[in-house]
Amino acid sequence: MKTAFTAADILLPENADMEKWAVDACDQYTGEPEYWARVEQRVGDAPSTLKLILPEVYLEETDVDKRIDKIHENMKAMLDGGIFKEYRDALIYIERVQSDGMVRKGIVGALDLEEYDYRKGSTSAVRATEATVPERIPPRLKVRMGAPIELPHVMVLIDDADMTVIEPCKKIRETSEPLYDTSLMEGGGRIKGWLLDDKLKESVYDALYKLGDNDAFNKKYNISGYPTLLYAVGDGNHSLATAKEYYNRLKAANPGQDLSDHPARYALVEIVNLHSPALRFEAIQRIVTGIDPEKFMAEAKTRLKLDHNELSSQRLIAVWGGRERLYYIHNRTSELSVGSLQEYIDWYIAGNGGKVDYIHGADIVRKLAARPNSVGFILPDMQKSELFPTVIKDGALPRKTFSMGHAADKRFYVECRKIVK
């Protein structure tokens with residue numbers, strides 16, 4: 001019995017230098033063009049996924065359309081040139097050694113986009129964890145439109161505390177050689193991938209089916225009457241939303257046509273267990289600028305009922321005017337501190353002006369909050385146990401709620417899949 005996650009016809013290069021083939025996710029290092037320049041120099045003329053993606057550092061460049069046309073040309077040339085070997089009906093078990101030495105396990109396969117809805121309030125089996133910004137989809141859609149293949153950097157989380165789905169697949173190491181085993185450039189660690197045999201594939205499907213049982217799901221989270229959330233998009237939500245939009249457009253352009261088996265109905269992803277010790281959530285902090293700090297904080301104290309009483313489980317540290325104060329939120333509008341704070345920030349800016357930016361690192365917040373007309377907020381790290389219950393009850397979290405590890409540990413492109421017939 002299967003769920004929204006299933007096997008795919010996966011393409012891998014033959015006889016390629018895999019260290020040059022694999023590159024980091026396109027939405028990383030957007031403020032560091034020198035990173036991508038180093039990668040380009042490292043790859044040179046060798047076959048590489050770098051030639052099949054658009055690093056988002058180049059999105060605002062004047063030649064972006066030419067870059068996209070070249071990507072499509074490269075895809076077709078690689079398909080026609082026999083670079084790829086296709087593994088039919090495949091699931092690939094992944095072991096990724098991160099830059100910190102921790103091993104993150106996963107399985108690469110296809111996700112059914114018919115069962116994915118990124119809109120807030122969605123009750124689909126596959127949901128976004130963070131709010132999707134519609135303006136971020138069109139640039140990605142330009143790359144996907146006219147592309148014969150896709151490359152995934154999407155990581156989808158499952159809440160499998162008993163480790164029944166992914167972890168048993170390590171048995172494949174005893175009976176099979178890896179399809180690939182390579183170090184990853186620019187401090188990205190190392191990655192190995194094994195093709196799962198039929199027995200292990202069925203064990204994955206069975207375990208996912210049991211994990212998705214609705215009665216067990218409601219009991220796990222001490223809720224009642226909620227539809228099962230089996231897959232939460234942890235990284236790459238905008239890329240998955242782009243795949244969904246592409247598929248929706250395909251259906252709209254072919255009314256009445258049966259597209260149930262069309263490859264564009266699916267997107268290649270890697271599923272990862274939320275409970276993996278290698279998976280770490282880090283808070284993304286806020287800095288609000290272009291406002292009157294005293295007025296902003298006075299309004300915040302009233303609207304959020306901020307005080308120093310520890311009875312509330314939601315807290316934040318506000319930094320402004322050389323001061324740093326710990327507050328507790330008593331007027332909670334979300335399951336998380338960041339959600340309650342973000343609702344207030346959005347409300348204030350809509351009525352008074354200002355700008356919010358999203359910052360990694362408390363020290364950077366303190367530095368930026370020392371500037372005039374600024375207030376910084378340092379938020380607690382989100383606990384893994386909070387993710388699924390919050391998405392179930394609140395819907396998608398505010399944008400930039402948390403980060404899953406550092407840029408070097410994001411998913412590198414390795415596998416590909418055809419999305420046209």
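As the structure is a computational prediction, the values presented were derived from the model and not from experiment.
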Chemist: Output yes when Lys199 and Asp197 qualify as a salt bridge under the 4.0 Å nitrogen-oxygen rule, no when they do not.
Modeler: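 Not counted as a salt bridge, because no side-chain N and carboxylate O are separated by less than 4.0 Å.
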Chemist: Does anything in residues 237-249 pair up under salt bridge (charged side-chain N to carboxylate O under 4.0 Å, His left out), and if so which pairs, sequence neighbours excluded?
Modeler: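 Listed once each, the pairs are Glu245-Arg249.
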Chemist: After noting the C-alpha distance and the side-chain angles of Leu211 and Asp159, does the key distance pass the side-chain contact (heavy atoms from CB on, under 4.5 Å) rule?
Modeler: CA-CA 8 Å; Leu211 199 63; Asp159 187 356; 6.0 Å; no
Chemist: Can you find a pair of side-chain heavy atoms, one from Val43 and one from Lys51, that are under 4.5 Å apart?
Modeler: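 Sidechains of Lys51 and Val43: in contact.
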Chemist: Sequence neighbours left out, what pairs pass ring-ring contact (aromatic ring centres under 6.0 Å, His included) with at least one residue falling in residues 220-269?
Modeler: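 Those involving residues 220-269 are Phe217-Tyr221.
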Chemist: Got a sec, which residues hit side chain to side chain contact (heavy atoms under 4.5 Å, CB included) with Pro148, two or more places apart in sequence or on another chain?
Modeler: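 With neighbours one apart ignored, the set is Met75, Lys76, Leu79, Val420.
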Chemist: Using a strict threshold of under 4.0 Å (side-chain N to carboxylate O), is an ion pair present between Arg411 and Asp24?
Modeler: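 The answer is no: the pair does not qualify as a salt bridge.
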Chemist: I want to check something: taking the side chain as every heavy atom from C-beta on, are Gln314 and Leu306 in contact at a cut-off of under 4.5 Å?
Modeler: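 They are not in contact (no side-chain heavy atoms under 4.5 Å apart), so the answer is no.
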Chemist: What ring-ring contact (aromatic ring centres under 6.0 Å, His included) pairs are there with at least one residue in residues 70-89, not counting sequence neighbours?
Modeler: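 Checked against ring-ring contact (aromatic ring centres under 6.0 Å, His included) - neighbours excluded - the pairs reaching residues 70-89 are Trp21-Phe84.
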Chemist: Take Arg286 and Asp357, measure what side-chain contact (heavy atoms from CB on, under 4.5 Å) needs, and give me the verdict at the end.
Modeler: CA-CA 6 Å; Arg286 268 70 173 154; Asp357 284 316; over 6 Å; no
Chemist: Is any side-chain heavy atom of Val319 closer than 4.5 Å to one of Val375?
Modeler: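 Not touching, per the 4.5 Å side-chain cut-off.
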Chemist: Distance-only, no hydrogens or angles: does the Ser374 side chain make a donor-acceptor pair with backbone N or O of Thr289 under 3.5 Å?
Modeler: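 No, the answer is negative, given that no donor and acceptor are paired below the 3.5 Å cut-off.
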Chemist: I want to check something: taking the side chain as every heavy atom from C-beta on, are Leu341 and Phe377 in contact at a cut-off of under 4.5 Å?
Modeler: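 Yes; the side chains approach each other to less than 4.5 Å.
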Chemist: Would Arg315 pass as a cation-pi partner of Tyr327, given that its NZ or CZ must be under 6.0 Å from the six-membered ring centre and within 45 degrees of the axis?
Modeler: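 Arg315 over Tyr327 ring: no.
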Chemist: I need the full list of side-chain hydrogen bond (donor to acceptor under 3.5 Å, both in side chains) pairs touching residues 160-177, with sequence neighbours left out, sorted by first then second residue.
Modeler: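 Listed by first then second residue: Glu95-Arg173, Asp160-Thr164, Glu167-Asn273.
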Chemist: Is it the case that the side chain of Asn237 and the backbone of Val233 share a donor-acceptor pair, with hydrogens and angles ignored and the cut-off at 3.5 Å?
Modeler: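 Checked: no pair found.
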Chemist: Once ring-ring contact (aromatic ring centres under 6.0 Å, His included) is applied, what residue pairs with a partner in residues 152-200 remain, sequence neighbours excluded?
Modeler: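 Every pair satisfying ring-ring contact (aromatic ring centres under 6.0 Å, His included) with a residue in residues 152-200: Tyr93-Trp194, His153-Tyr413.
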Chemist: Determine whether more than 12 heavy atoms belonging to other residues, nucleotides or ligands lie under 6.0 Å from atom CD of Glu14.
Modeler: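 Counting neighbours around CD of Glu14, more than 12 heavy atoms of other residues, nucleotides or ligands fall under 6.0 Å, so yes.
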Chemist: Are Asp198 and Lys201 close enough for a salt bridge, meaning some N to O gap below 4.0 Å?
Modeler: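 Salt bridge present between Asp198 and Lys201.
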Chemist: Under 3.5 Å, is there a donor-acceptor pair between the Glu19 and Ser183 side chains?
Modeler: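 A donor-acceptor contact under 3.5 Å links the two side chains.
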Chemist: Shortest non-hydrogen contact from Pro13 to Val414?
Modeler: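 Heavy-atom minimum between the residues: CD-O, 4.5 Å.
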Chemist: Under the salt bridge (charged side-chain N to carboxylate O under 4.0 Å, His left out) rule, collect the residues that match up with Glu324, sequence neighbours excluded.
Modeler: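 Glu324: salt bridge (charged side-chain N to carboxylate O under 4.0 Å, His left out) contacts with Arg366.
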Chemist: I'd like to know whether CZ of Arg38 has more than 12 heavy-atom contacts from other residues, nucleotides or ligands below 6.0 angstrom.
Modeler: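 Enclosed: over 12 neighbouring heavy atoms sit under 6.0 Å from CZ of Arg38.
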Chemist: Could you please spell out the steps behind the side chain to side chain donor-acceptor pair (under 3.5 Å) verdict for Ser313 and Arg332?
Modeler: CA-CA 10 Å; Ser313 61; Arg332 300 167 41 149; 2.7 Å; yes
Chemist: Does Lys367 NZ have over 12 foreign heavy atoms under 6.0 Å away?
Modeler: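 Result for NZ/Lys367: open.
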Chemist: Hey, are Ser239 and Arg144 close enough side-chain-wise for a donor-acceptor pair under 3.5 Å?
Modeler: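 Arg144 vs Ser239: no donor-acceptor pair found between side chains.
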Chemist: Does Glu114 come within less than 4.0 Å of Lys251, counting only side-chain N to carboxylate O?
Modeler: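 Counted as a salt bridge, because a side-chain N and a carboxylate O are separated by less than 4.0 Å.
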Chemist: Can you name the ring pair (Phe, Tyr, Trp, His ring centres under 6.0 Å) partners of Phe281, sequence neighbours left out?
Modeler: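 For Phe281, the residues satisfying ring pair (Phe, Tyr, Trp, His ring centres under 6.0 Å) (neighbours in sequence not counted) are Phe402.
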Chemist: Does Pro227 offer a backbone N or O that forms a donor-acceptor pair with the side chain of Thr123 under 3.5 Å?
Modeler: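 No, the answer is negative, given that no donor and acceptor are paired below the 3.5 Å cut-off.
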Chemist: Salt bridge (charged side-chain N to carboxylate O under 4.0 Å, His left out) with Glu86: which residues, sequence neighbours excluded?
Modeler: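 Applying salt bridge (charged side-chain N to carboxylate O under 4.0 Å, His left out) to Glu86 gives Arg88.
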Chemist: Tell me whether the count of non-hydrogen atoms from other residues, nucleotides or ligands lying under 6.0 Å of CG in Asn309 goes above 12.
Modeler: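 Yes, the 6.0 Å shell around CG holds more than 12 heavy atoms from other groups.
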Chemist: Do Val97 and Lys192 have side-chain heavy atoms sitting under 4.5 Å apart?
Modeler: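 SC-SC contact between Val97 and Lys192 ruled out.
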Chemist: Got a second to check how far Leu54's CG is from Ile71's CD1, nearest 0.5 Å?
Modeler: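 Leu54 atom CG to Ile71 atom CD1 measures 4.5 Å (nearest 0.5 Å).
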Chemist: Around atom CD of Glu32, are there more than 12 heavy atoms of other residues, nucleotides or ligands at under 6.0 Å?
Modeler: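 It does: Glu32 CD has more than 12 such atoms within range.
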Chemist: Can you list the residues that meet the salt bridge (charged side-chain N to carboxylate O under 4.0 Å, His left out) rule with Asp261, with sequence neighbours excluded?
Modeler: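 Listed in chain order: Lys421.
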Chemist: Under a plain distance cut-off of 3.5 Å, with no hydrogens placed, do Thr228 and Asn214 share a side-chain donor-acceptor pair?
Modeler: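 Yes, side-chain donor-acceptor contact under 3.5 Å.
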Chemist: Closest approach of Val391 and Ala128, non-hydrogen atoms and distance?
Modeler: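 In terms of heavy atoms, the two residues are closest at CG1-O, 3.8 Å.
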Chemist: Sequence neighbours left out, cut at 3.5 Å: what donor-acceptor pairs do the side chains of residues 104-111 make with other protein atoms?
Modeler:
{"residue": "Arg104", "atom": "NH1", "partner": "Gln98", "partner atom": "OE1", "Å": "3.0"}
{"residue": "Arg104", "atom": "NH1", "partner": "Asp409", "partner atom": "O", "Å": "2.9"}

Chemist: What pair of heavy atoms forms the shortest contact from Leu195 to Ala90, and how long is it?
Modeler: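 Taking every non-hydrogen atom into account, CD1-CB, 3.5 Å.
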Chemist: Are the side chain of Glu282 and the backbone N or O of Asp381 linked by a donor-acceptor pair below 3.5 Å?
Modeler: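 Not a single qualifying donor-acceptor pair exists.
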Chemist: Are Leu184 and Arg190 close enough, and set up right, to give a side-chain contact (heavy atoms from CB on, under 4.5 Å), and what steps lead you there?
Modeler: CA-CA 5 Å; Leu184 297 170; Arg190 192 170 192 89; 5.8 Å; no
Chemist: Under 3.5 Å, is there a donor-acceptor pair linking the side chains of Ser124 and Glu115?
Modeler: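 Looking only at side-chain atoms, Glu115 and Ser124 do not form any donor-acceptor pair under 3.5 Å.
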Chemist: Taking only Lys NZ, Arg NE, NH1 and NH2, and the carboxylate oxygens of Asp or Glu, determine whether Asp112 and Arg265 approach each other closer than 4.0 Å.
Modeler: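 A salt bridge is present here (some side-chain N lies under 4.0 Å from a carboxylate O).
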Chemist: Any side-chain heavy-atom pair from Thr401 and Ile284 closer than 4.5 angstrom?
Modeler: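 Not touching, per the 4.5 Å side-chain cut-off.
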Chemist: More than 12 heavy atoms of other residues, nucleotides or ligands under 6.0 Å from NZ of Lys70: yes or no?
Modeler: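 No, because the 6.0 Å sphere around NZ of Lys70 holds 12 heavy atoms or fewer from other groups.
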Chemist: Is there a side-chain contact between Leu196 and Ile92, using heavy atoms and a 4.5 Å cut-off?
Modeler: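 They are not in contact (no side-chain heavy atoms under 4.5 Å apart), so the answer is no.
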Chemist: Before you tell me yes or no, could you show the steps for Asp235 and Lys410 under salt bridge (charged side-chain N to carboxylate O under 4.0 Å, His left out), namely the whole-Å CA-CA distance, both residues' side-chain angles and the distance that decides it to 0.1 Å?
Modeler: CA-CA 8 Å; Asp235 229 355; Lys410 298 298 183 180; 3.1 Å; yes
Chemist: Going through the checks in order, is the side-chain contact (heavy atoms from CB on, under 4.5 Å) test met by Lys85 and Leu11?
Modeler: CA-CA 6 Å; Lys85 178 177 179 179; Leu11 301 170; over 6 Å; no
Chemist: Could you tell me whether Lys142 and Asp65 make a salt bridge, using a distance below 4.0 angstrom between a side-chain N and a carboxylate O?
Modeler: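 Result for this pair is yes, salt bridge flagged.
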Chemist: Please enumerate all residues that pass salt bridge (charged side-chain N to carboxylate O under 4.0 Å, His left out) together with Asp80, with sequence neighbours excluded.
Modeler: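 Here no residue qualifies.
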Chemist: With a 4.5 Å cut-off on side-chain heavy atoms, are Pro55 and Ile53 touching?
Modeler: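 The answer is yes, as the side chains (C-beta and beyond) meet within the 4.5 Å cut-off.
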